[in-house]
Amino acid sequence: MSNAESIRSSGERRTALLPASTKVLELGDTVATGTAGRYLERLGAQVTRVLPVGAPTETADLAPLIGEGDNTRSAVAEWLHHGKNLVSIDLGSADGRGRLELLLDEADVVLIAGTSAEWEGFGVPVAHIRETASRAVIGQITHWGDSGPYTRLHGSELLAQAAGGLMNVIGVMEREPVRLGGHVMQATTGLLALDGVMIGLFRRQNTGEGAFFTTSDFESVAHLEWKIASATQAGRPRERRGQDGGGPVVVRTRDGHFAMFFTPPHWDDVKKIVGDPRLDEDRFKDPAARAQHQAELAAVIEETTRTLSKTDLYHRAQSRGIPAGHVATMSDLLTSPQARSRKFFQSVEIDGVGAGEIPDAPWQILTSDDAGSEVNVA
């Protein structure tokens, strides 16, 4: 057995890569800064989230909610802030400002949630944060950017997906636009901020100097939905909902739902899996026809898929190289053999609610006493 295998079988799950002395300061409360801070905590840093008295909190009421009565709280917030030190500071008092100055002076990383105008309103200009934490890596994360006509507008996951054009390419043409579930855009912003932090820490390790960068949810949509930008740059028309040649098609199976993201080159393999001669009819003969008759196409495919389990159908599609996957329920995710084998969930005890599990970091670090370190991305 190799050293890496022995570590994996020992029951340990190691995610820390940063020195334990690394201090991260989150100023404000958004999904994006919370995500970046969450992963920095899993990388081994000490993370403190500071919420000025009277400042809005974006995560506290996000669904789904857990607990009852006075113990009701956001499951999203519990995951984002697990392992962090949560501090409320009155920036209107001398003691509060002094406490913040001390935290900034000691910080290796500062994540600023909100615009420069918002922090000016709290009496803590971003320029002052940069001056006080001059050796830190500082990332400022906003909804719409720090300047321009949208800067003062409210931001949310729904607005980011809509304004960024993502909802224009999801769903069926004759129906209303559909947003992706969860907080995909805001979490992506947090991951991009994490990239910026790690690059900045690498630079500081080599130069001894701090760094400053900005990003926003609006920029993240452009980063994630690259097809819109690439089509525009290439002078091609932008795809709209229902113009993707018959896929993705979501169909029912014996135990849930299944998404088929096939493209024209996969069509013959789809027909072989389904085995229904009606798929050779003119109404399904090409991408345009399949898009026009997508509801009928799904109904025909479902006559076969309703007899199969999600797993069986996935393996059939996988064997033919068809991009597809089952729609996982929370129970599916919690019982996933791969996630369980990699010990992907953390056991937690939430005061007033009880015991539960939350996702751990999406990586493992396998150390070796003999040969340095090996990084395993789960």
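This chain uses plain numbering: 1 for the first residue, then up along the sequence. Computed from a predicted model, the values in this text were never measured in an experiment. Excluded from the calculations below are hydrogen atoms, water molecules and symmetry mates; all remaining heavy atoms, backbone and side chain alike, are included.
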Enclosure of Asp70 CG (heavy-atom neighbours >12, cutoff 6.0 Å): no
Within 6.0 angstrom of Tyr314 OH, more than 12 heavy atoms from elsewhere: no
For [Y], is there an ion pair with [X] - N to carboxylate O distance below 4.0 angstrom?
| X | Y | answer |
| --- | --- | --- |
| Asp268 | Lys271 | yes |
| Lys285 | Asp280 | no |
| Glu281 | Arg278 | no |
| Lys84 | Glu26 | yes |
| Glu209 | Arg204 | no |

Just by distance, no angles: are the side chains of [X] and [Y] close enough, under 3.5 Å, to form a donor-acceptor pair?
| X | Y | value |
| --- | --- | --- |
| Asp29 | His81 | yes |
| Ser74 | Asp61 | no |
| Ser93 | Asp95 | no |
| Thr22 | Asp108 | no |
| Ser220 | Thr188 | no |
| Glu219 | Ser216 | yes |

Whether Tyr150 and Phe218 hold their rings parallel, tilted or perpendicular, with breakpoints at 30° and 60°: tilted
Aromatic ring pairing His143/His154, orientation class (parallel under 30°, perpendicular over 60°, tilted between): tilted
